[in-house]
Amino acid sequence: MFKKVMLCTDLSPPSELLLQTVETLKQVGLEEVLLVHTIYTAHNPVLEAELLERRTIRLQSQRETLMNKGLVVHTEMAYGIPAPTLTDVAERHEVDAIIVGSHGKGIFKKAALGSVSTEVLHMTSRPILLIRVELNKEDRQSQSFEELFSAPLFCTDFSDTSNVAFTYLEKVVTELKCPVTLLHVQDRSISETYYLQRLEDINRAIIDEMTPLKDKLMSLGAQDVKIEVPFGSPKELILEKVRSSKYSVVLMGSQGKGFIEELLLGSVSYSVVRKSLIPVLMIPSLKS
């Protein structure tokens, strides 16, 4: 699925959690990692030299951790404003996906406030895996992402972008045979106005449209596939699902119609990225 990924690191202890994702990604085709750290300074040569010396040691340590997992690993220190710099590096190296943290120290602290990670999400044309990383009070990693695709939650709005995202889900299921939940939220703000009297009919029609997706995944060896079509607020219901601890990752298209279209407006998709305690894999639409 992803043969070459760019892993963005701020070299802090929380960023070590990002390294865990490669175990599952290896099972779906990962071979090569570009480990990138950005340094944003005011072009002070003395400060840059000091930063480079200290951080190179930590970057090489993370490189060795990934190499010990059997991967080809390259490193790059990139100077500049983090989000556009990371986006440029990803394009230059033609990576298949970007892995970035959404909470923690350094650049990840900014990401939790909607800066780096969401800016990269807006800028990049490549799939992006956003992972919330943090430490608990005992200063130990509080989450593990070694089983990234053990129970995916796939959100669809039946757009072309959702169809593209589904092809990634197919690849995951083909390799890992994992159980999957297919979710489409009937947006209350739309249905109350036009379709409330026909809600049950629409619900059946949506299930009929999702059934071929279920059948396809079952044919690929999925352990189980559930279809869920709740009625209400997409933002609230998706986050409720995420908080249930039943799922390991949210997989969805980054553009489309319905709630997914609101990504650039910072609404539903932004809320999922910002508030989700589990990783979120966003798949962009195909370029025209």
Side-chain angles (χ1 to χ4, degrees), residues 1-9 15-36 62-76 86-87 89-101 117 120-121 124-131 133 143-156 160-182 213-214 216-225 247-254 278-287:
M1 182 172 70
F2 301 135
K3 288 188 176 182
K4 179 181 180 180
V5 302
M6 183 178 83
L7 195 156
C8 311
T9 177
S15 71
E16 296 290 332
L17 283 173
L18 299 178
L19 308 184
Q20 295 183 15
T21 62
V22 302
E23 291 293 343
T24 299
L25 291 176
K26 276 183 61 179
Q27 298 176 36
V28 292
L30 180 62
E31 299 174 356
E32 185 176 351
V33 176
L34 174 65
L35 189 61
V36 180
Q62 290 191 342
R63 178 175 182 265
E64 290 177 7
T65 297
L66 293 173
M67 290 181 63
N68 289 337
K69 298 179 184 295
L71 294 162
V72 176
V73 185
H74 308 281
T75 61
E76 181 166 335
L86 292 171
T87 304
V89 172
E91 292 297 319
R92 175 158 47 86
H93 289 273
E94 299 183 335
V95 299
D96 298 319
I98 299 170
I99 302 174
V100 64
S117 61
V120 173
L121 180 60
T124 187
S125 61
R126 302 180 184 278
I128 179 167
L129 176 63
L130 299 110
I131 298 176
V133 290
Q143 294 173 289
S144 175
F145 303 110
E146 294 178 350
E147 300 297 330
L148 180 63
F149 295 116
S150 60
L153 174 66
F154 179 74
C155 303
T156 179
D160 290 341
T161 305
S162 285
N163 293 338
V164 173
F166 186 76
T167 65
Y168 285 83
L169 181 62
E170 289 181 287
K171 295 173 183 177
V172 168
V173 170
T174 297
E175 296 298 329
L176 303 180
K177 316 301 181 186
C178 53
V180 177
T181 297
L182 304 176
L213 303 182
K214 174 180 178 177
K216 178 64 175 178
L217 296 177
M218 293 299 293
S219 72
L220 295 175
Q223 294 178 25
D224 184 35
V225 180
Y247 309 104
S248 60
V249 64
V250 178
L251 197 162
M252 61 195 298
S254 61
I278 65 175
V280 180
L281 176 57
M282 305 293 289
I283 305 297
S285 59
L286 292 174
K287 294 181 179 179

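Counting begins at 1 with the first residue of the sequence. Every heavy atom of this structure was used, including side-chain atoms; hydrogens, water molecules and symmetry mates were not. If you're wondering where the values come from, they're calculated on a predicted model, not measured in any experiment.
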Asks: Here's a test for you: under side-chain contact (heavy atoms from CB on, under 4.5 Å), which of V180, T174, V172 qualifies with L217?
Replies: V180
Asks: Between F154 and F166, how do the two ring planes meet: parallel, tilted or perpendicular, split at 30° and 60°?
Replies: perpendicular
Asks: Quick check against the 3.5 Å criterion: does K69 have a side-chain atom that pairs as donor or acceptor with the backbone of L19?
Replies: no
Asks: Closest heavy-atom contact between V250 and C155?
Replies: CG1-SG, 4.0 Å
Asks: How many angstroms lie between CG in L169 and CG in L182, if you round to the nearest 0.5 Å?
Replies: 7.0 Å
Asks: Going by heavy atoms in the side chains, are L35 and T75 under 4.5 Å from each other?
Replies: yes
Asks: Assess whether a salt bridge exists between R126 and E94, defined as any Lys/Arg side-chain N lying under 4.0 Å from an Asp/Glu carboxylate O.
Replies: no
Asks: Going by the rule side chain to side chain donor-acceptor pair (under 3.5 Å), which residues pair with E76 if we only count those two or more places apart in sequence or in a different chain?
Replies: R92, H93
Asks: Mind checking whether V22 and L71 have side chains closer than 4.5 Å, heavy atoms only?
Replies: yes
Asks: Take L129 and L148, measure what side-chain contact (heavy atoms from CB on, under 4.5 Å) needs, and give me the verdict at the end.
Replies: CA-CA 11 Å; L129 176 63; L148 180 63; 3.8 Å; yes
Asks: Any idea which heavy atoms bring L7 and L18 closest together, and the distance?
Replies: CD1-O, 3.8 Å
Asks: Pick one: which of D96, T21, L25 meets side-chain contact (heavy atoms from CB on, under 4.5 Å) with L30?
Replies: L25
Asks: Could you tell me whether the side chain of S248 and the main chain of S150 form a donor-acceptor pair under 3.5 Å?
Replies: yes
Asks: Walk me through it: do L17 and I131 pass the test side-chain contact (heavy atoms from CB on, under 4.5 Å)?
Replies: CA-CA 9 Å; L17 283 173; I131 298 176; 5.7 Å; no
Asks: Is there side-chain contact between P179 and V225, with heavy atoms separated by less than 4.5 Å?
Replies: no
Asks: Assess whether atom NZ of K216 is packed by more than 12 heavy atoms of other residues, nucleotides or ligands within 6.0 Å.
Replies: no
Asks: Within a strict 4.5 Å, meaning less than it, do heavy atoms of the L66 and V33 side chains meet?
Replies: yes
Asks: Using the test side chain to side chain donor-acceptor pair (under 3.5 Å), find all partners of Q62 that sit at least two apart in sequence or belong to another chain.
Replies: T9, S15, E16
Asks: Supply the atom-to-atom distance T181 OG1 to D224 CG, rounded to the nearest 0.5 angstrom.
Replies: 7.5 Å
Asks: Drop me the distance from Q27's CD to E147's CD, to the nearest 0.5 angstrom.
Replies: 6.5 Å
Asks: Taking the side chain as C-beta and beyond, is there a heavy-atom pair between F2 and L281 under 4.5 Å?
Replies: yes
Asks: Take T24 and L176 through the test side-chain contact (heavy atoms from CB on, under 4.5 Å) and record every step on the way to the result.
Replies: CA-CA 9 Å; T24 299; L176 303 180; 4.0 Å; yes
Asks: Looking only at heavy atoms, what is the nearest atom pair of L251 and A165, with distance?
Replies: CD2-O, 3.6 Å
Asks: With a sphere of 6.0 Å drawn around NZ of K177, does it hold more than 12 non-hydrogen atoms of other residues, nucleotides or ligands?
Replies: yes
Asks: Hey, is the main chain of V73 close enough, under 3.5 Å, to the side chain of R63 for a donor-acceptor pair?
Replies: yes
Asks: Mind checking the CE-CG spacing from M6 to L86? Nearest 0.5 Å is all I need.
Replies: 5.0 Å
Asks: Apply side-chain contact (heavy atoms from CB on, under 4.5 Å) to residues V249 and F149 and explain how you reach the verdict.
Replies: CA-CA 6 Å; V249 64; F149 295 116; 3.7 Å; yes
Asks: So, do T124 and P284 sit near enough that their side-chain heavy atoms are less than 4.5 Å apart?
Replies: no
